[in-house]
Amino acid sequence: MRKNIVAGNWKMNTTLDEGVELANNVNTLLKGKKANCDVIVCVPFTHLTSVNAVLEPELVKMGAENCSEHAKGAYTGEVSASMVKSTGADYVILGHSERRQYFGENNEQLLEKTKQALANDLKPIFCVGEVLEERENGSYNDVVKSQVEALFSLTPEEFSKIVIAYEPVWAIGTGKTATAEQAQDMHAHIRKVIEDKYGKEVADNTSILYGGSCKPSNAKKLFAKPDVDGGLIGGAALKAEDFMGIIEAFG
Ligand code: 13P
């Protein structure tokens, strides 16, 4: 059966020292209190090796926030999936709405990035989600369906390694969380889209995380929904105590 997961996405925050301290604090808090879910911190490329050195892998797994769609070569400034893997990372966030919006990442590119991640034994945390206009004009189910379908040339075996994160763009960093009912409806929709393509077993085994202004005060209600298998956490992942408060929602 699918795993419950709480994953932090630090985005472009923390210096190296601050990041190592944060990772250390998360690790220490988890040592004192065993989590009832998998815990992942996704950190800037520059921090991966140092953060990996302070995390105990049985307590906290590590991921990157992006990787290149190319394997290697003359792509100045890019970081490949094999480079990410070589730091000790197990996960990589792909298709975050900030990458789609500000860096123009599209479905074709995201499929190539996903293939690179899988070829290098990294589990993609693949983000989908509609913008406010799409929520308001009622097209959100179709929008998210087509984002998930971008991966449908993967084999069932490949797809079963994917974690989906539903992050409505209007809820990211705005303090405006989707209601637990809105999240549940979309997660059930996503699971059905996966089931129609890959069958019930793959769909039932896919972890679907919610992201967007998730905090200790609302996590429990969101995670109580049957198709919400945890969260992808931005702002609240930057304070170890808040992140721990969200992890403890799986009490
Ligand atoms: P916030 O939790 O800050 O809204 O960010 C969510 C997010 O984008 C995680 O990837």
Side-chain angles (χ1 to χ4, degrees), residues 4-14 18-19 22-23 26 37-45 47-48 51 60-67 84 89-103 105 110 113-114 117 122-132 134-135 140 143-144 147-148 162-180 182-183 186-187 190 207-223 225 228-250:
N4 290 324
I5 298 172
V6 172
N9 172 12
W10 293 3
K11 308 191 179 183
M12 198 173 74
N13 293 297
T14 73
E18 290 164 352
L22 175 57
V26 169
C37 61
D38 284 9
V39 178
I40 306 165
V41 290
C42 297
V43 310
F45 291 133
H47 298 17
L48 285 165
V51 163
V60 194
K61 301 265 190 270
M62 185 180 72
E65 301 175 12
N66 183 26
C67 74
V84 169
D90 288 312
Y91 289 86
V92 60
I93 295 174
L94 293 176
H96 192 281
S97 63
E98 289 148 18
R99 302 284 331 160
R100 294 177 190 259
Q101 257 186 313
Y102 307 144
F103 303 96
E105 292 189 4
L110 289 171
K113 288 183 183 225
T114 302
L122 289 170
K123 294 187 193 73
I125 301 174
F126 190 83
C127 302
V128 298
E130 80 283 2
V131 299
L132 183 61
E134 294 158 343
R135 172 57 56 172
Y140 49 94
V143 168
V144 170
Q147 291 171 335
V148 175
I162 308 274
V163 174
I164 301 283
Y166 168 57
E167 301 204 303
V169 180
W170 47 271
I172 295 177
T174 57
K176 195 168 179 267
T177 321
T179 64
Q182 284 172 323
M186 179 58 86
H187 286 221
I190 292 170
S207 298
I208 306 177
L209 314 184
Y210 168 79
S213 299
C214 188
K215 5 180 214 283
S217 58
N218 58 30
K220 209 171 183 137
K221 213 168 164 192
L222 286 158
F223 299 173
K225 293 293 178 189
V228 180
D229 308 312
L232 181 57
I233 317 300
L238 294 172
K239 286 203 185 110
E241 291 75 19
D242 288 351
F243 191 52
M244 194 64 199
I246 294 172
I247 292 164
E248 283 175 346
F250 286 114

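As the structure lists them, so they are numbered: ligands from 1, and atoms in each ligand from 1. Remember, it's a predicted structure, so these values are computed and weren't measured experimentally.
- Within the 4.0 Å heavy-atom criterion, both parts of Leu232, backbone and side chain, lie near ligand 1.
- Remark: minimum distance from atom 9 (C) of ligand 1 to any protein heavy atom is reached at Glu167 OE2, 2.8 Å.
- A salt bridge links Lys113 with Glu105; the closest basic N to acidic carboxylate O contact falls under 4.0 Å.
- Counting heavy atoms closer than 4.0 Å to ligand 1, residue Ala171 contributes backbone atoms (N, CA, C, O) but none from C-beta onward.
- On a distance-only criterion, Gly173 and ligand 1 share at least one N/O pair closer than 3.5 Å.
- Note that CD1 of Ile247 and CD1 of Ile5 are 12.0 Å apart. Values are rounded to the nearest 0.5 Å.
- Contact analysis leaves Lys215 out of contact with ligand 1, as no non-hydrogen atom separation drops below 4.0 angstrom.
- In this structure, the side chain of Gln101 does not engage the main chain of Glu98 through any donor-acceptor pair within 3.5 Å.
- Using bins of under 30°, 30° to 60° and over 60° for the plane-to-plane angle, the ring pair Phe250/Phe223 lands in the parallel bin.
- Side-chain atoms of Glu130 do not come within 3.5 Å of backbone N or O of Pro168 as any donor-acceptor pair.
- Between Ser213 and ligand 1, a contact under 3.5 Å exists for at least one N or O pair.
- Atoms of ligand 1 lying under 4.0 Å from at least one heavy atom of Gly212, given by number and element, are 4 (O), 6 (C).
- Lys220 NZ: 12 or fewer foreign heavy atoms inside a 6.0 Å radius.
- By the 3.5 Å distance cut-off applied to N or O atoms, Ile172 is not counted among the residues near ligand 1.
- Heavy-atom proximity to His96, at under 4.0 Å, picks out these atoms of ligand 1: 7 (C), 8 (O), 9 (C), 10 (O).
- In terms of protein heavy atoms, atom 5 (O) of ligand 1 is closest to Lys11 NZ, 3.3 Å.
- In this structure, Arg99 contributes its side chain and Ile93 its backbone to no donor-acceptor pair below 3.5 Å.
- Polar contact check, Glu98 against ligand 1: no nitrogen or oxygen pair lies under 3.5 Å apart.
- Checking side-chain atoms of Ser213 against main-chain N and O of Ala171 turns up a donor-acceptor pair under 3.5 Å.
- The closest protein non-hydrogen atom to atom 2 (O) of ligand 1 is Gly234 N, 2.9 Å.
- Under a 3.5 Å cut-off, the side chain of His96 and the backbone N or O of Phe126 do not form any donor-acceptor pair.
- Counting only heavy atoms of the protein, atom 3 (O) of ligand 1 lies nearest to Gly235 N, 2.8 Å.
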